[in-house]
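Each remark here refers to the structure printed beneath this line.
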4 protein chains.
Amino acid sequence: MPRTPEQFKKIREEKRQQIKDAALELFAHEGYHGTSISEIAKSAGISKGLMYNYFESKEELVTSIMDEGMKIFTEFFDPDKDGVLTADEFEFFVRKSFETVRENTIYWKLYFSIIMQKEVFELVMAKYKNILDEVMNLLVAYYEKQGVEDPLAEAIMFGSLMDGISLNYILNNDMFPLDKVEDAIIKKFGHR
Amino acid sequence: MPRTPEQFKKIREEKRQQIKDAALELFAHEGYHGTSISEIAKSAGISKGLMYNYFESKEELVTSIMDEGMKIFTEFFDPDKDGVLTADEFEFFVRKSFETVRENTIYWKLYFSIIMQKEVFELVMAKYKNILDEVMNLLVAYYEKQGVEDPLAEAIMFGSLMDGISLNYILNNDMFPLDKVEDAIIKKFGHR
Amino acid sequence: MPRTPEQFKKIREEKRQQIKDAALELFAHEGYHGTSISEIAKSAGISKGLMYNYFESKEELVTSIMDEGMKIFTEFFDPDKDGVLTADEFEFFVRKSFETVRENTIYWKLYFSIIMQKEVFELVMAKYKNILDEVMNLLVAYYEKQGVEDPLAEAIMFGSLMDGISLNYILNNDMFPLDKVEDAIIKKFGHR
Amino acid sequence: MPRTPEQFKKIREEKRQQIKDAALELFAHEGYHGTSISEIAKSAGISKGLMYNYFESKEELVTSIMDEGMKIFTEFFDPDKDGVLTADEFEFFVRKSFETVRENTIYWKLYFSIIMQKEVFELVMAKYKNILDEVMNLLVAYYEKQGVEDPLAEAIMFGSLMDGISLNYILNNDMFPLDKVEDAIIKKFGHR
DNA sequence: CATGAATGAGGGTTCATTCAT
DNA sequence: AATGAATGAACCCTCATTCAT
């Protein structure tokens with residue numbers, strides 16, 4: 001008697017996740033090209049061939065991981081989706097962003113290593129660019145409302161700062177005083 | 001008449017440079033793993049085998065390139081080496097940093113893509129950490145002198161911001177308003 | 001009420017046929033090595049695993065298909081089985097042969113692609129050789145009776161011609177004037 | 001001191017031929033898909049990787065072999081290239097064709113196995129089609145000149161017969177009375 | 001009878017490195 | 001100093017077959 005479709009679906013989803021977890025860990029530490037399918041399979045406790053039952057290529061695997069991480073990011077951002085940022089929401093955004101970086105350090109390590117790669121990932125990046133542009137637009141509008149002199153420059157600086165902090169935190173996990181910087185950035189770029 | 005040892009050394013050095021130039025170009029565009037020794041050799045106009053007369057491995061080649069780029073960076077920084085930063089020197093530092101990024105975009109592309117890689121490059125990074133820590137110390141001292149409330153947080157923010165801006169400029173060369181941001185950062189983090 | 005053994009056998013036979021039909025289609029279009037068990041199973045509307053309930057291997061499957069096609073061929077040939085060929089029967093044979101090629105083009109495509117393969121299929125070919133030798137013997141006897149000068153050479157030429165025509169028709173389906181050639185061959189090799 | 005370019009060229013050509021010889025043997029016996037690069041390399045006495053120094057892919061290898069064989073074929077055909085076939089030239093053509101088949105049996109085995117394959121080889125076949133069409137045109141003109149009733153049908157029959165004979169000779173090397181058939185075909189299709 | 005997850009060997013291909021010349 | 005032929009390990013991926021359910 002075969003398993004029910006529900007059973008198969010459950011197996012598939014669990015195994016896919018299991019593979020993605022193993023792959024994320026390895027991609028983040030060794031880089032995309034530095035990680036082989038063999039390593040991922042071994043780390044996930046499955047055979048090499050089985051990988052391709054769940055992901056049709058190495059590229060689909062990494063894409064799938066990236067999408068999942070980006071989904072987490074967007075879920076936490078602009079929660080009421082009214083397209084306007086208040087000062088409280090700004091602070092909430094900063095704190096949530098750092099929370100995400102803190103809790104999904106490995107994912108963001110992968111993210112930063114991936115964005116340095118070549119055309120293969122330009123499609124992926126195109127998708128994310130929309131999301132990130134949206135964030136930028138909200139920020140510019142916010143700074144305008146608060147009467148900041150050059151809202152665009154301020155928004156770009158703020159965005160770059162978030163990137164830079166994330167990058168340094170990721171590279172220097174133990175030493176980086178993320179909490180302190182979190183407060184400072186809200187004070188300096190919040191413009192309450 | 002045979003060449004003197006000095007002449008040999010000079011020829012050697014020139015050839016090494018020629019190889020490094022070709023390799024940097026390719027590494028930055030195709031990534032480290034995406035660039036083969038064959039391609040580098042062809043681009044440098046020499047044979048594959050000869051590569052190994054000048055660099056003992058692909059890894060030594062990339063390490064050597066990184067070192068050279070970092071040397072350029074340090075040469076331009078803190079020119080009088082008196083260990084103290086004035087407000088003018090701060091501005092000078094920012095402007096020179098951006099100048100370097102603007103003029104050596106390819107190198108910094110390689111730099112950012114390399115720092116996301118694995119333990120092989122941890123040695124390289126250890127070396128650079130000293131240089132970067134030195135910069136950080138000067139900055140903290142500078143902010144203390146200027147009476148900034150939390151000098152360390154300010155210095156870290158400034159450093160992260162420089163990284164974030166460089167990263168975004170590299171990724172988005174055409175659209176990024178580097179000049180504008182350059183002025184804004186001096187105004188906001190100069191504390192004259 | 002449980003099914004009788006006969007019912008089971010019939011269901012089994014139908015399913016086998018269903019698989020063979022799907023497989024023939026794919027083998028002929030993609031080649032033997034170019035067709036995977038997965039594709040066959042999907043095309044037959046069953047699971048991969050079930051395939052092995054009906055055929056013990058990919059090889060048995062293709063062998064079985066070949067046998068079936070050859071059976072069709074022999075059924076149409078020498079209908080009264082008296083071991084003698086009249087002029088009318090010769091013509092009948094030619095017309096029926098071409099009819100078979102026309103109606104089972106796909107099978108003959110598979111046939112010609114398979115006979116070029118390696119020793120695995122030598123067994124299969126041994127079986128067919130008997131059938132084809134039988135045909136040859138009848139033809140030689142026929143040409144002798146008609147007073148042809150070199151009956152063996154004539155028979156071999158005729159057999160080779162039939163092969164060559166089939167091959168070219170298969171490869172060049174649309175352009176090949178099979179009808180015209182059919183008449184011509186009867187005129188030229190019939191020896192009425 | 002490096003080898004001279006001439007030396008390298010000689011090495012390359014010899015090795016390429018060595019690989020092609022090994023590959024032809026294997027392709028003919030095991031089929032294209034049934035032959036692995038590993039097997040070819042082993043049979044040629046080189047490493048797998050070296051294959052790709054001489055042929056950029058398995059496909060280029062087989063294409064190169066096919067071209068070489070077809071070149072032999074065309075060299076022997078229509079030697080004075082005046083575009084007209086005399087009765088002597090017709091006989092010469094038949095005899096030379098069989099000579100080629102006799103002497104390059106393996107190649108023609110590959111040829112027949114290849115023409116049954118899928119789209120990958122359609123390009124290759126397109127090239128050959130021109131050559132073969134040319135032959136056909138000459139034949140039709142020849143039969144017209146000789147006053148044959150249906151020249152096209154005759155030419156197609158002759159061409160198909162040549163194919164069929166080659167095929168059967170290849171498959172049944174030892175038993176096939178090629179000499180006898182050679183004479184018979186000239187008598188029957190020569191129309192002197 | 002029926003499923004598709006799972007395996008493992010092998011497919012073609014690439015590439016850093018070595019070596020004879 | 002210089003060449004490119006040669007190696008061998010590893011790469012991503014496919015697939016006939018087996019197996020737990």
Side-chain angles (χ1 to χ4, degrees), chain A residues 1-5 7-12 14-15 33-41 45-59 61, chain B residues 3 8 11-12 15 33-42 45-61, chain C residues 3 8 11-12 15 33-42 45-61, chain D residues 1-5 7-12 14-15 33-41 45-59 61:
Chain A
M1 236 164 303
R3 294 186 188 79
T4 64
Q7 282 175 308
F8 279 128
K9 201 180 167 194
K10 195 168 160 249
I11 290 174
R12 274 196 85 78
E14 282 171 4
K15 193 68 66 141
H33 284 112
T35 304
S36 74
I37 294 287
S38 286
E39 285 173 306
I40 296 169
I46 60 166
S47 71
K48 213 170 24 165
L50 191 53
M51 276 283 324
Y52 291 87
N53 211 333
Y54 293 99
F55 298 92
E56 61 182 29
S57 68
K58 193 184 180 185
E59 199 178 309
L61 172 57
Chain B
R3 274 173 268 229
F8 274 124
I11 291 172
R12 233 191 122 68
K15 188 75 78 156
H33 283 108
T35 304
S36 72
I37 292 286
S38 285
E39 285 173 302
I40 296 169
K42 192 190 293 178
I46 60 165
S47 74
K48 221 173 3 172
L50 193 52
M51 280 281 324
Y52 288 84
N53 227 318
Y54 292 99
F55 298 93
E56 65 183 22
S57 70
K58 193 183 181 185
E59 198 177 307
E60 200 225 308
L61 172 57
Chain C
R3 275 174 265 227
F8 276 124
I11 290 173
R12 238 192 116 68
K15 189 74 77 157
H33 283 109
T35 304
S36 72
I37 292 286
S38 285
E39 285 173 303
I40 296 168
K42 193 191 289 177
I46 60 165
S47 74
K48 222 175 358 175
L50 193 52
M51 280 279 325
Y52 288 85
N53 227 317
Y54 292 98
F55 299 93
E56 63 183 24
S57 70
K58 193 184 181 185
E59 197 177 309
E60 200 225 308
L61 171 57
Chain D
M1 239 163 299
R3 292 187 191 77
T4 64
Q7 282 175 310
F8 279 128
K9 202 179 168 198
K10 192 166 161 251
I11 290 174
R12 273 196 84 77
E14 282 172 3
K15 194 69 68 143
H33 284 112
T35 304
S36 73
I37 293 286
S38 287
E39 286 173 306
I40 295 169
I46 59 166
S47 72
K48 210 168 33 158
L50 190 54
M51 275 285 323
Y52 290 87
N53 210 333
Y54 293 99
F55 298 94
E56 63 183 27
S57 68
K58 192 185 181 184
E59 198 178 310
L61 172 56

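The chains referred to below are lettered A, B, ... by the order of the sequence lines, with proteins before strands, and numbering in each begins at 1. Not measured: the values here are computed from a predicted model.
Rounding to the nearest 0.5 Å places OG of D:Ser36 at 8.0 Å from NZ of D:Lys48.
Using a distance-only test at 3.5 Å, with no hydrogens or angles considered, no donor-acceptor pair links the side chain of C:Glu60 to the main chain of C:Ser57.
Taking 4.0 angstrom as the limit, D:Arg3 places none of its side-chain polar atoms (N or O) nearer than this to OP1 or OP2 of F:dG4. Phosphate proximity of E:dA5 to A:Asn53: present, with a side-chain N or O under 4.0 Å from OP1 or OP2.
The interatomic distance linking A:Arg12 (CZ) with E:dA6 (C1') rounds to 12 Å, in whole Å. Separating the NZ atom of A:Lys10 from the C1' atom of E:dA5 is a distance of 15 Å, rounded to the nearest angstrom.
B:Ile37 and B:Tyr52 make their closest contact through CG1-OH, 3.8 Å (heavy atoms, listed as atom of the first residue, atom of the second, distance). Across all non-hydrogen atoms, the minimal contact from D:Gly34 to D:Glu39 is O-OE1, 3.6 Å. For the residue pair D:Lys58 and D:Thr35, the shortest heavy atom distance occurs at NZ-O, 2.8 Å.
Backbone-only engagement by B:Tyr54 is indicated by non-hydrogen atom pairs under 4.0 Å involving sugar-phosphate atoms exclusively.
Nearest nucleotide to the side chain of A:Ile46, out of E:dT3, F:dG4, E:dT7: E:dT7.
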Note to self: Let's test your reading of the pairing rules: Watson-Crick or G-U wobble, both distances under 3.5 Å, then write DNA chain E as a dot-bracket string with ( ), [ ], | and dots.
What the structure shows: .||||||||||||||||||||

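Considering only heavy atoms from C-beta on, C:Arg12 stays 4.5 Å or farther from C:Phe8 through its side chain.
Judged by closest nucleotide on DNA chain E, C:Lys15 is the one of A:Met51 and C:Lys15 placed further toward the 5' end. Projected onto DNA chain F by closest heavy-atom contact, D:Phe8 and D:Ser47 fall at different nucleotides, the more 5' of which corresponds to D:Phe8.
Evaluation of the side chain to side chain contact (heavy atoms under 4.5 Å, CB included) rule for D:Lys15 yields D:Gln18, D:Ile19, D:Ile46, D:Tyr54 as partners, not counting sequence neighbours.
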Distances under 3.5 Å between nitrogen or oxygen atoms of protein and nucleotides 13-16 of chain E:
residue	atom	partner	partner atom	Å
E:dT13	OP2	D:Tyr52	OH	2.5
E:dT13	OP2	D:Lys58	N	2.9
E:dT13	O5'	D:Tyr52	OH	3.3
E:dT13	O4	D:Lys48	NZ	3.2
E:dA16	OP1	B:Thr35	O	3.4
E:dA16	OP1	B:Lys58	NZ	2.9
E:dA16	OP2	B:Ile37	N	2.6

